[in-house]
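I have placed the structure first, in the form of structure tokens, so that the comments after it can refer back to it.
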Amino acid sequence: MRRPPIIVMILQAILLFECVTAVLSGRPLQVFIPGLTLAISFAPYLFEKAVGIRLPSSFIVAIVVFVFATLFLGEVEDFYNKYWWWDTLLHFSSALSFGVIAFLFIFMLFEGDRYAAPPWAIGLLSACVALSIGAIWEIFEYAMDQFFGTNMQKSGLPDTMKDIIVDTLGAIISGTAGAVYLQGRHAGGIWLVYDSFLKKNRKLYRKFRRRPIDE
């Protein structure tokens, strides 16, 4: 397994410290969330090995930071209640991220052939995937509240609708970004994410000829 980025190593050290502190202070139940977050932080490397895809360091940092913000900061540090915008920020960023990932995997199915389908169609499909994941999560929250008495939906319908609206916005942005990328009308910004992934996995996009991809 390759060496994690510095940011990931710092977050892993924080989580390990929290686990050790909880055990030494006689709070074994409070080890669960930091321990789970720490375990998930190694998942990207296992995913790489399992499916043969190389993830750019920026992808790994984004995944670990998101999990850290969702589980540890959100649940352990109670950011969901301390900051009203925390849940909204995470929903938007997750929809944006899932849209980017969906685009990359859908484009991979065509081996990088940008003529296999119109750019708008691939962008629309990736946005639909991102929005579907957001909808499934809302179903999960509802099920947890109904069967286990949790309060994941907080204010109920208003919270669910807010989350879906934010998910839709993030999905539209990521889908549009993907379509623009295929049309070649971009420079820097979010499109560097696409470039970095394609450079790492050039063999999976053999038909991609929009412009030379540096190794």
Side-chain angles (χ1 to χ4, degrees), residues 1-9 11 39-70 90-137 166-215:
M1 186 174 70
R2 57 193 171 104
R3 182 180 178 181
I6 296 297
I7 296 177
V8 173
M9 294 176 66
L11 295 181
I40 294 176
S41 70
F42 292 98
Y45 302 101
L46 298 176
F47 176 79
E48 282 186 320
K49 186 175 181 179
V51 302
I53 291 177
R54 295 182 62 196
L55 297 176
S57 296
S58 59
F59 273 54
I60 295 175
V61 170
I63 292 170
V64 175
V65 168
F66 178 77
V67 173
F68 184 84
T70 302
L90 293 180
H91 269 277
F92 176 76
S93 60
S94 64
L96 194 65
S97 300
F98 281 125
V100 171
I101 293 172
F103 167 82
L104 290 170
F105 278 87
I106 291 171
F107 196 34
M108 188 188 301
L109 295 177
F110 299 111
E111 295 184 319
D113 184 359
R114 70 187 185 95
Y115 299 107
W120 67 264
I122 297 179
L124 178 61
L125 282 174
S126 61
C128 289
V129 171
L131 189 54
S132 296
I133 293 174
I136 291 172
W137 177 257
V166 172
D167 289 342
T168 302
L169 179 61
I172 290 174
I173 292 175
S174 61
T176 302
V180 171
Y181 180 79
L182 291 183
Q183 293 172 339
R185 301 198 303 265
H186 67 85
I190 189 176
W191 295 284
L192 291 177
V193 174
Y194 301 115
D195 279 337
S196 64
F197 189 87
L198 267 65
K199 289 176 185 178
K200 292 282 188 180
N201 301 277
R202 186 172 181 176
K203 64 180 181 180
L204 301 175
Y205 298 90
R206 290 174 294 182
K207 297 180 181 178
F208 185 66
R209 295 292 183 269
R210 186 181 54 78
R211 63 174 179 168
I213 301 176
D214 300 326
E215 297 290 350

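For this chain, numbers begin at 1 and follow the sequence in order.
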TODO: I would like to know whether S97 and F66 meet side-chain contact (heavy atoms from CB on, under 4.5 Å); could you show each step before the answer?
DONE: CA-CA 10 Å; S97 300; F66 178 77; over 6 Å; no
Taking all atoms of both residues into account, what is the closest heavy-atom pair of [X] and [Y], and its distance?
X	Y	answer
A127	G175	CB-CA, 4.3 Å
P4	M9	O-SD, 3.5 Å
I106	S126	CD1-N, 3.7 Å
G99	S174	CA-OG, 3.2 Å
S41	V64	O-CG2, 3.8 Å
P56	K200	CG-CG, 4.0 Å

Just how far is it from atom [atom1] of [X] to atom [atom2] of [Y], taken to the nearest 0.5 Å?
X	Y	atom1	atom2	result
T176	L124	OG1	CG	9.5 Å
I173	T168	CD1	OG1	11.0 Å
L131	I136	CG	CD1	10.0 Å
F110	I122	CZ	CD1	5.0 Å
L109	L204	CG	CG	10.5 Å
I133	C128	CD1	SG	11.5 Å

Open item on the list: Quick one: does any side-chain atom of N201 pair with a main-chain N or O of R54 as donor and acceptor, under 3.5 Å?
Closed with: yes
Task: Y205 side chain vs L104 backbone, donor-acceptor pair below 3.5 Å - done: yes
Task: Residues in side chain to side chain contact (heavy atoms under 4.5 Å, CB included) contact with F47, at least two apart in sequence or another chain - done: V51, L55, F105
TODO: May I ask you to check whether F103 and Y194 place their ring centers less than 6.0 Å from one another?
DONE: yes
TODO: For F107 and L182, run side-chain contact (heavy atoms from CB on, under 4.5 Å): C-alpha distance rounded to whole Å, both residues' side-chain angles, the deciding distance at 0.1 Å, then the answer.
DONE: CA-CA 10 Å; F107 196 34; L182 291 183; 3.4 Å; yes
Task: Within 6.0 Å of CZ in F98, more than 12 heavy atoms from elsewhere - done: no
Open item on the list: One pair to check against side-chain contact (heavy atoms from CB on, under 4.5 Å): L198 and Y181. What are the steps and the verdict?
Closed with: CA-CA 12 Å; L198 267 65; Y181 180 79; 3.7 Å; yes
